[in-house]
> 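Would you mind keeping the following structure in view while I ask a few things?
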Amino acid sequence: MGIGGSDMYRQQILDHYKNPRNYGEIEDATFTHVGENPMCGDTIEMDVVLDDDEDTIEAVAFRGDGCAISQASASMLSERLPGTSIEELREMDRDDIIDMLGVEISPMRVKCAVLAEKVAQDGAEIYLGEKDLDKTRTESDDPDVPE
Ligand code: FES
């Protein structure tokens, strides 16, 4: 799978990959956004429900197609995001995602790891009118994403 780290974390990633949490759709989500890793074409689409103040994430669902890292990262993030404020979401970076995954990620695989995070962040910013984007791409001009 191209990742290092302890067996426990590797097992956890495989478990999230094989049994993704919150996989599916949420009808009447506050916003939905999609992203892809252009290197491989793998995708994540995410539905997010915000609370009435549009301040805190209440629920997340996702569907996607891709490698174990990208899909496990989306699954773990879907468990972590409910209860998180939009501000906290915006402040997340790749180190938070790598900590969440608990394994060493090679530079090539960082794009896989951060795809779901980027989809959630871009989706929120588009919803708030701060960004205009059809689809998130984990491009290398993003400081979070190495070449
Ligand atoms: Fe495509 Fe990981 S190989 S997202």
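First listed ligand is number 1; within each ligand, the first listed atom is number 1.
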> With no hydrogens and no angle check, just 3.5 Å: does a side-chain donor-acceptor pair link Glu54 and Tyr127?
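Yes.
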> Is the CG atom of Asn19 crowded by more than 12 outside heavy atoms at less than 6.0 Å?
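Count over threshold, so yes.
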> Students should be able to answer this: which protein heavy-atom is nearest to atom 3 (S) of ligand 1, and at what distance?
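Minimum-distance protein heavy atom for atom 3 (S) of ligand 1 reads Asp42 OD2, 3.4 Å.
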> Are any N, O or S atoms from Cys67 nearer to atom 2 (Fe) of ligand 1 than 2.8 Å?
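An N, O or S atom of Cys67 is closer than 2.8 Å to atom 2 (Fe) of ligand 1, so yes.
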> Whether Glu104 and Arg10 form a salt bridge (side-chain N of Lys/Arg under 4.0 Å from carboxylate O of Asp/Glu) is what I want to check.
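Judged by the 4.0 Å cut-off on N to carboxylate O distance, Arg10 and Glu104 do not form a salt bridge.
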> Could you list which atoms of ligand 1 come closer than 4.0 Å to a heavy atom of Cys40?
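Here the atoms of ligand 1 in question are 1 (Fe), 3 (S), 4 (S).
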> Would Cys112 count as a contact for atom 1 (Fe) of ligand 1, in the sense that one of its N, O or S atoms lies under 2.8 Å from it?
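No N, O or S atom of Cys112 is closer than 2.8 Å to atom 1 (Fe) of ligand 1, so no.
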> Using a strict 4.0 Å cut-off to heavy atoms of Ser70, name the atoms of ligand 1 that fall inside it.
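Those of ligand 1 that fall under 4.0 Å from Ser70 are 4 (S).
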> Hydrogens and angles aside, do Glu117 and Gln121 bring a side-chain donor and acceptor to less than 3.5 Å of each other?
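Per modelled atom types, Glu117 and Gln121 side chains form a pair under 3.5 Å.
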> For the residue pair Thr32 / Asp47, report whether a side-chain donor-acceptor contact shorter than 3.5 Å exists.
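Indeed, the side chains of Asp47 and Thr32 share at least one donor-acceptor pair under 3.5 Å.
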